[in-house]
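For reference, the structure is listed below as structure tokens.
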Amino acid sequence: QVHLVESGGGSVQAGGSRRLSCVASGDYSSRRLMGWFRQAPGKEREGVASIWLGVTRYRDSVVGRFTISQDNAKNTVYLQMNLLKPEDTAMYYCAAGTGSGTRLDPPAYNSWGQGTQVTVSA
């Protein structure tokens with residue numbers, strides 16, 4: 001069983017930055033694959049970034065602006081978000097999975113955090 005706790009959300013103006021953190025606990029083999037997802041009101045949950053054994057993958061709309069990283073000593077995954085836009089406003093979720101390779105589709109993950117809200121104002 002994997003337990004995930006996100007933090008770092010809040011309000012920011014467009015063009016600003018925010019760093020999200022996700023502290024993971026539980027069996028490491030169940031969280032080799034880590035990802036960040038987001039869900040805006042009325043929209044489906046979408047994959048933002050994924051990391052697997054140091055390999056990263058991003059959705060097109062955040063390439064060059066967002067960076068996913070992990071500190072295994074702290075059991076923490078980060079999402080550094082720069083040049084934020086109003087369309088980045090959403091609840092952001094951390095997720096863990098057991099699969100191989102980076103994945104941006106929610107079914108690839110079986111453990112989810114409670115989410116942290118990010119609001120970007122114009």
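Cluster membership check: Val55 does not share its hydrophobic cluster with Met34, using side-chain heavy-atom separations under 4.5 Å among Ile, Leu, Val, Met, Phe, Trp and Tyr. The hydrophobic cluster containing Val77 also contains Val62, counting ILVMFWY residues as joined when their side-chain heavy atoms lie under 4.5 angstrom apart, directly or transitively. In the hydrophobic clustering of ILVMFWY residues, with side-chain heavy atoms under 4.5 Å counting as a link, Phe37 and Leu33 come out together.
A distance-only check finds a donor-acceptor pair linking the side chain of Arg65 to the backbone of Leu83 [under 3.5 Å]. Judged by distance alone, with hydrogens and angles left aside, the side-chain atoms of Thr119 form no donor-acceptor pair with the main-chain N or O of Thr89 at under 3.5 Å. For Asp27 (side chain) and Ser29 (main-chain N/O), a donor-acceptor pair under 3.5 Å exists by modelled atom type. Judged by distance alone, with hydrogens and angles left aside, the side-chain atoms of Ser50 form no donor-acceptor pair with the main-chain N or O of Leu104 at under 3.5 Å.
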Review item, side-chain donor-acceptor pairs of residues 10-24, under 3.5 Å, at least two apart:
{"unit_1": "Ser17", "atom_1": "OG", "unit_2": "Asn82", "atom_2": "OD1", "d": "2.9"}
{"unit_1": "Arg18", "atom_1": "NE", "unit_2": "Gly8", "atom_2": "O", "d": "2.8"}
{"unit_1": "Arg18", "atom_1": "NH2", "unit_2": "Gly9", "atom_2": "O", "d": "3.1"}

Handout entry: Check against side-chain contact (heavy atoms from CB on, under 4.5 Å), Arg59 and Arg38
Key = CA-CA 11 Å; Arg59 72 179 298 107; Arg38 66 187 181 188; 4.1 Å; yes
Practice task
Apply the test side-chain contact (heavy atoms from CB on, under 4.5 Å) to residues Glu6 and Tyr92: give CA-CA distance (whole Å), side-chain angles for both, the deciding distance (0.1 Å), then the verdict.
Solution key: CA-CA 8 Å; Glu6 304 99 332; Tyr92 282 73; over 6 Å; no
Practice task
Check step by step if side-chain contact (heavy atoms from CB on, under 4.5 Å) holds for Asp88 and Val118.
Solution key: CA-CA 8 Å; Asp88 294 319; Val118 174; 5.7 Å; no
Practice task
Take Arg31 and Asn75 through the test side-chain contact (heavy atoms from CB on, under 4.5 Å) and record every step on the way to the result.
Solution key: CA-CA 10 Å; Arg31 48 186 173 91; Asn75 293 318; 3.5 Å; yes
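Residues satisfying the side chain to side chain contact (heavy atoms under 4.5 Å, CB included) criterion with Ala49, sequence neighbours excluded, are Tyr58, Ile68, Leu79.
Here the OG atom belonging to Ser61 is positioned 8.5 Å from the CD atom belonging to Glu87, to the nearest 0.5 angstrom.
Across every non-hydrogen atom of Leu4 and Ser111, the tightest pair is CD1-O, 3.5 Å. Nearest heavy atoms, Ala40 versus Ala90: N-CB, 3.9 Å. Heavy-atom minimum distance, Gly97 versus Tyr109: N-CD2, 3.8 Å.
Between Tyr93 and Met91 the shortest side-chain heavy-atom distance falls below 4.5 Å.
Between Phe66 and Trp36, the ring centre distance reaches or exceeds 6.0 Å.
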